[in-house]
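As structure tokens, the structure follows; a few thoughts come after it.
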Amino acid sequence: MIQTDPASGKAPNCPHETCIGEQLSGYLDGELTQAARQRVELRMAECAQCRRLHDELSALRTQLGDGIGREFGNDRFREHFESTSNRTLATLGWVAIIGGFVALGVLIVAGFVTDDSVSVGMKWLIGLPYAGFGLLFVAVLRRRLRESRTDKYNDVEI
Amino acid sequence: MDSQKTTATRPLGEQLADFGGGAHALATQILGNREEAADAVQDAIVRALQQPESYDARRGALRPWFFGVVRNRCLDLLRRRRDTGGDVDTLAAEQRSPEEHAVASDGANRLRRALAALAPHQREILILRDFNDLDYAEIATVLNLPKGTVMSRLHRARLALRKEMIRRDPD
């Protein structure tokens with residue numbers, strides 16, 4: 001085991017007065033200037049202790065990156081945004097469908113009511129069941145919306 | 001680097017989600033708990049989306065800025081904790097999912113325990129560099145440090161990790 005000086009990170013057995021110390025990490029990470037990099041390479045060519053420390057730290061970097069890498073992925077965070085955007089799309093879809101049918105219904109009803117060729121009695125006879133369906137639809141929709149806001153089991157996945 | 005900046009073609013939320021894994025790793029090393037770390041990352045994403053104007057592309061890339069937001073969120077959580085202690089083995093264990101408990105190799109376990117034995121500021125700089133591949137300038141942004149300090153702190157963290165690894169397996 002190569003002992004290192006805790007204050008400077010140098011190898012105390014290194015025969016050179018000015019050892020590379022923290023420059024070694026800069027060298028490993030490609031953060032040194034060309035001149036500094038060459039000084040480190042020259043020193044490592046001369047100093048077996050420095051070379052061994054370089055190899056140990058390099059292996060540790062790889063091990064850390066690989067060991068941690070397997071545990072953390074982006075999927076759980078992407079899922080949040082995928083489901084959010086899908087919900088938004090679905091909401092827009094429903095608004096378009098319902099809005100479209102409501103507009104169509106209003107046009108049809110308006111045309112039927114203003115049609116002079118149909119008697120008033122016949123208009124009531126034909127219109128009443130459709131009005132009933134419409135009221136039932138609104139009642140069910142309101143109940144479902146209320147339940148979706150208050151149902152404590154909404155988010156439970158089976 | 002340009003691909004990490006906010007662009008008009010991709011929503012900010014999707015870009016931040018791309019950094020989720022790395023942010024989760026960072027938050028886990030700060031908080032010592034995977035699920036709490038995941039919540040912290042989620043909180044940071046929500047906050048970043050609520051205040052997108054707080055990111056200035058002229059000051060740097062998106063990823064280091066976001067990691068800084070995550071780190072600040074984690075530090076907020078740490079301050080609220082009454083008991084931040086915990087023995088090394090508990091801290092290392094909380095960093096793993098149940099599946100990983102079952103299949104982790106001895107080497108991986110040794111690494112986790114060694115990492116858990118380090119000081120939080122050492123763990124976070126190692127994760128930023130060796131897992132997230134941030135350069136020194138980006139690390140300086142995340143940690144709010146002078147760039148010159150990053151290399152020395154990182155080197156000491158690596159030596160400390162190496163020392164812990166050797167202590168756990170002298171062979």
Side-chain angles (χ1 to χ4, degrees), chain A residues 1-12 19-33 36-37 40 49-50 52-89, chain B residues 11 13-29 34 37-38 41-42 45-46 49 95-97 100 104-105 107-112 114-115 126-127 129-137 139 147 150-163 165-166 170:
Chain A
M1 173 176 124
I2 302 172
Q3 296 289 342
T4 54
D5 180 80
S8 66
K10 300 177 184 178
C19 198
I20 48 179
E22 66 190 37
Q23 296 274 307
L24 187 54
S25 279
Y27 177 79
L28 281 169
D29 297 326
E31 293 278 350
L32 299 182
T33 61
R37 194 167 59 245
V40 170
Q49 301 272 13
C50 299
R52 276 199 293 273
L53 183 57
H54 166 272
D55 293 345
E56 288 182 16
L57 293 185
S58 181
L60 203 53
R61 275 181 71 224
T62 304
Q63 193 178 357
L64 186 60
D66 290 345
I68 297 293
R70 278 191 292 270
E71 301 177 27
F72 298 97
N74 297 329
D75 290 346
R76 70 187 295 173
F77 303 102
R78 284 207 185 101
E79 281 170 7
H80 171 80
F81 287 99
E82 284 173 1
S83 64
T84 300
S85 60
N86 275 343
R87 279 199 297 271
T88 304
L89 278 175
Chain B
E14 286 187 14
Q15 293 184 71
L16 295 180
D18 286 346
F19 307 142
H24 190 195
L26 173 64
T28 300
Q29 295 307 321
R34 285 177 66 99
V41 172
Q42 206 66 56
I45 291 176
V46 169
L49 291 178
Q95 293 181 18
R96 292 201 297 272
S97 67
E100 288 152 5
S105 66
N109 286 334
R110 191 160 61 97
L111 176 65
R112 287 191 193 91
L115 196 58
L126 286 171
I127 291 299
R129 176 61 212 131
D130 293 335
F131 175 61
N132 286 299
D133 288 329
L134 266 66
D135 60 33
Y136 285 10
I139 292 173
K147 187 181 172 185
V150 172
M151 185 161 61
S152 58
R153 184 177 286 196
L154 180 61
H155 189 65
R156 286 191 179 86
R158 281 173 171 157
L159 292 178
L161 180 64
R162 176 181 160 275
K163 184 180 175 183
M165 292 284 285
I166 293 169

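Throughout, a chain's letter reflects where its sequence line sits, starting with A, and its residues are numbered from 1.
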Could you look at B/Ala160 and say if it's the side chain, the backbone, both or neither that has a heavy atom under 4.5 Å from chain A? neither

Taken in chain and number order and not counting sequence neighbours, the residues that satisfy side-chain hydrogen bond (donor to acceptor under 3.5 Å, both in side chains) with A/Arg61 are A/Asp29, B/Asp130

With chain A as the partner, which of B/Asn132, B/Asp133, B/Val41 has the greatest number of non-hydrogen pairs under 4.5 Å? B/Val41

B/Arg129 portion near chain A, given a 4.5 angstrom heavy-atom threshold: side chain

Which atoms form the tightest heavy-atom contact between A/Gln23 and B/Met151, and what is the distance? NE2-CE, 3.7 Å

Could you give the distance from CD (A/Glu31) to CD1 (B/Ile139), rounded to the nearest 0.5 Å? 7.5 Å

Where A/Ser25 and B/His155 come nearest, the two heavy atoms and their spacing: OG-ND1, 2.8 Å

Closest heavy-atom pair and its distance - B/Leu159, A/Leu53: CD2-CD1, 4.1 Å

Could you give the distance from CG (A/Leu60) to CG (B/Leu126), rounded to the nearest 0.5 Å? 8.0 Å

Atom pair CZ/CG of B/Arg158 and A/Leu28 - distance to nearest 0.5 Å: 5.5 Å

Go through the structure and list residues passing side chain to side chain contact (heavy atoms under 4.5 Å, CB included) with A/Ala59, not counting sequence neighbours. none

